[in-house]
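In what follows, a single structure is set out as structure tokens and then discussed.
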Amino acid sequence: MINLNLFLTGSTGFLGGRLIKNLLQHKRNEVYILVRNVEKAERLRDSFQMDEQKRIHIFQGDITIPNAGLSRDDLEWLTGKIDEVYHLAALVKFDFDLRDELFAANYDGTKHILELATILQVKKFYYVSTAYTVGKLAEGVEELYPADGEFHNPYEESKVKSEHLVFSYRDKMDVSIFRPAIIVGDSKTGEADSQFTLYGFMRALGVFKRKTARRRGEERTYRLVAAKNGTSNLVPVDYVADILSLAPEKAQANKIYHITNPNPPENIELLKMLKEALQFDNLSVVENTGEYELDEEEVKLNSLIDVFKVYLAGALTFDDRNTQDLMEGTAVSHLDMSNETVEMIIRTGCEPNGGKLTV
């Protein structure tokens with residue numbers, strides 16, 4: 001493997017730190033990270049070994065600004081030095097009223113980083129998207145979806161349109177797209193530092209549990225409606241980082257790679273694990289048969305988690321043949337995530353600060 005200068009956005013997030021660790025395994029790689037919060041980036045850098053710290057270079061900027069807000073001096077210094085770009089930075093929110101904010105971060109932000117990569121004369125561009133660009137289709141394929149497809153929320157729409165934007169730059173540099181599903185904690189430790197999807201769902205359930213626990217003397221059960229035959233496509237953060245780390249050597253131009261779970265846990269089982277981990281004894285997980293009449297409190301509970309339900313309820317399947325080809329001949333194995341691993345990740349996430357998450 002040749003020595004690479006790699007430029008990353010979104011590197012101080014849940015996934016970014018792990019990806020940097022992997023990329024620095026090659027002793028002569030250098031990483032250049034674009035961050036808004038320099039203090040946070042310095043804390044991340046300080047968590048590395050001394051020889052690795054010397055190979056992490058911090059640049060303050062903002063993806064929502066042209067040229068990512070980099071100064072003229074920074075642009076001049078970086079031009080011709082960067083080999084490849086990983087664009088991880090994104091806003092992950094599912095609210096309809098945040099459409100403008102989502103497009104500013106996810107679409108405009110991607111455009112600014114693509115333009116920056118062009119100025120810097122970058123050879124390869126890796127865009128980290130989401131498996132849920134599939135929208136309302138029943139099966140995920142490793143191809144571009146129609147930009148005018150049907151989506152559950154503006155987040156999905158912003159990512160689909162960003163994928164099309166990335167492919168429109170393929171005459172300027174090699175582009176590849178990686179689509180992780182629901183990223184959860186480390187498969188060995190359960191550690192997570194995330195506010196999103198499963199963890200947002202956990203937090204919402206935890207808040208509801210605390211509120212109802214204050215009502216002393218009221219013994220009752222709350223029904224949480226789960227999609228019949230639904231699955232939750234969870235992928236551990238270390239698996240996602242391992243796949244992304246293969247990009248410099250193995251990714252092909254104009255290819256899309258799903259980072260998904262071939263055997264995802266069933267939704268009803270996952271919710272039962274959450275119930276146990278949260279010790280929410282008076283929560284009852286019921287299958288959605290359409291025969292239930294929920295009372296006011298149960299409607300509140302189910303609406304509280306509606307925004308996450310899209311990702312914890314469907315029965316989507318994802319083709320990941322491109323990713324299997326990418327892994328061939330490497331030390332990375334196709335994901336085989338046991339129920340015990342899922343339970344451990346959920347348990348750790350529900351511990352007070354055990355997975356850096358408080359519910």
Under 3.5 Å, which donor-acceptor pairs do the side chains of residues 13-22 form with other protein atoms, sequence neighbours left out?
unit_1 : atom_1 : unit_2 : atom_2 : d
R18    : NH1    : D186   : OD2    : 2.8
K21    : NZ     : E52    : OE1    : 3.1
N22    : ND2    : A241   : O      : 3.4
N22    : ND2    : D242   : OD1    : 3.0
N22    : ND2    : S245   : OG     : 2.9

Taking only distance into account, with no hydrogens and no angle test, what donor-acceptor pairs under 3.5 Å do side-chain atoms of residues 66-76 form with protein atoms, sequence neighbours excluded?
unit_1 : atom_1 : unit_2 : atom_2 : d
S71    : OG     : D74    : N      : 3.1
S71    : OG     : D74    : OD2    : 3.4

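Here L44 contributes atom CG and N37 contributes atom CG; the two are 11.0 Å apart, rounded to the nearest 0.5 Å. In this structure, SG on C350 lies 9.5 Å from CD on Q279, to the nearest 0.5 angstrom. Atoms NZ and CG, on K27 and D51 in that order, are 5.5 Å from each other to the nearest 0.5 Å. Atom CG in D108 sits 10.0 Å away from atom CG in D100 (nearest 0.5 Å). Between the CD atom in E163 and the OG atom in S168 there is a gap of 12.5 Å [rounded to 0.5 Å]. Remark: E84 CD to D174 CG distance equals 9.0 Å, nearest 0.5 Å.
N261 contributes no side-chain N or O that, together with a main-chain N or O of V235, makes up a donor-acceptor pair within less than 3.5 Å. In this structure, the side chain of H164 does not engage the main chain of P146 through any donor-acceptor pair within 3.5 Å. A donor-acceptor distance shorter than 3.5 angstrom exists from the side chain of K209 to the backbone of L278, with no hydrogens or angles considered. With hydrogens and angles ignored, the 3.5 Å screen pairs a side-chain donor or acceptor of T330 with a backbone N or O of V332. Judged purely by atom type and a 3.5 angstrom limit, K159 has no side-chain atom pairing as donor or acceptor with the backbone of A131. Judged purely by atom type and a 3.5 angstrom limit, E142 uses its side chain to pair as donor or acceptor with the backbone of N322. In terms of modelled atom types and a separation under 3.5 Å, the side chain of N29 and the main chain of L23 share a donor-acceptor contact.
Residues L283 and L274 fail the side-chain proximity criterion, which asks for heavy atoms closer than 4.5 Å. Between I259 and R179 there is no side-chain heavy-atom pair separated by less than 4.5 Å. In this structure the side chain of T130 never reaches within 4.5 angstrom of the side chain of E156, judged on heavy atoms. Taking the side chain as every heavy atom from C-beta outward, D295 and Y222 never approach each other to under 4.5 Å.
In this structure, T12 has no side-chain hydrogen bond (donor to acceptor under 3.5 Å, both in side chains) partners at least two apart in sequence or on a different chain. Under the ring-ring contact (aromatic ring centres under 6.0 Å, His included) criterion, F125 pairs with no residue at all, not counting sequence neighbours. Residues that satisfy the ring-ring contact (aromatic ring centres under 6.0 Å, His included) test with Y127, not counting sequence neighbours, are H87. Applying the salt bridge (charged side-chain N to carboxylate O under 4.0 Å, His left out) test to D325 and every residue at least two apart in sequence or in another chain returns nothing. Annotation: salt bridge (charged side-chain N to carboxylate O under 4.0 Å, His left out) contacts of R223 (sequence neighbours excluded): E298. Legend: residues meeting ring-ring contact (aromatic ring centres under 6.0 Å, His included) with Y126, ordered by chain and number and at least two apart, are Y86. Applying the salt bridge (charged side-chain N to carboxylate O under 4.0 Å, His left out) rule to K300 yields the partners E297; only residues at least two apart in sequence or on another chain are considered. Under the rule for a salt bridge (charged side-chain N to carboxylate O under 4.0 Å, His left out), the partners of K123 that lie at least two apart in sequence or sit in another chain are D83.
Dense packing is recorded around NZ of K136, with more than 12 heavy atoms of other residues, nucleotides or ligands lying under 6.0 Å away. The local environment of CD in Q49 is sparse, with at most 12 non-hydrogen atoms from other residues, nucleotides or ligands closer than 6.0 Å. Other residues, nucleotides and ligands place more than 12 heavy atoms under 6.0 Å from the CD atom of Q53.
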Problem set entry | side-chain hydrogen bond (donor to acceptor under 3.5 Å, both in side chains) assessment of D320 paired with Q324 | CA-CA 6 Å; D320 69 348; Q324 290 183 58; 2.8 Å; yes
For this session: With side-chain hydrogen bond (donor to acceptor under 3.5 Å, both in side chains) as the test, would you mind laying out the steps for T260 and N233 before giving the verdict?
Result: CA-CA 7 Å; T260 48; N233 205 285; 4.9 Å; no
For this session: Please lay out, stage by stage, how K272 and E276 fare under the test salt bridge (Lys or Arg N to Asp or Glu O under 4.0 Å).
Result: CA-CA 6 Å; K272 283 175 181 170; E276 280 178 34; over 6 Å; no
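Residues H258 and T323 share a closest heavy-atom pair of O-OG1, 2.6 Å. Nearest heavy-atom pair, K161 versus F103, reported as atom, atom and distance to 0.1 Å: CD-CE2, 4.0 Å. Pairing each heavy atom of L270 with each of I346, the nearest pair is CD1-CD1, 3.3 Å. Here the closest non-hydrogen pair linking N254 and F167 is O-CZ, 3.4 Å. Among all heavy-atom pairs drawn from Y145 and T133, the shortest one is CD1-O, 3.2 Å. When every heavy atom of I345 is checked against every heavy atom of S187, the shortest pair comes out as CD1-CA, 4.4 Å.
The cationic atom of R203 (NZ for Lys, CZ for Arg) does not lie both less than 6.0 Å from the six-membered ring centre of Y199 and within 45° of the ring axis. Cation-pi check for K211 over F208 is not met; the charged atom does not lie both under 6.0 angstrom from the ring centroid and within 45 degrees of its normal.
The hydrophobic clustering, which links ILVMFWY residues whose side-chain heavy atoms are closer than 4.5 Å, places L8 and Y169 apart. L116 and Y32 end up in the same hydrophobic cluster when Ile, Leu, Val, Met, Phe, Trp and Tyr side chains are linked at under 4.5 Å. Hydrophobic cluster membership differs between L137 and L144, with clusters built from Ile, Leu, Val, Met, Phe, Trp and Tyr side chains linked at under 4.5 angstrom.
Side-chain atoms of T221 and N282 include no donor-acceptor pair closer than 3.5 Å. Inspection of the E266 and T231 side chains reveals no N or O donor paired with an N or O acceptor under 3.5 Å.
Salt bridge present: R321 and D319 bring a charged side-chain N and a carboxylate O closer than 4.0 Å.
Applying the side-chain hydrogen bond (donor to acceptor under 3.5 Å, both in side chains) test to pairs two or more places apart or on separate chains, those with a residue in residues 54-66 are E30-H57, D62-T64.
Through direct or indirect side-chain contacts shorter than 4.5 Å among Ile, Leu, Val, Met, Phe, Trp and Tyr, I119 is connected to no other residue.
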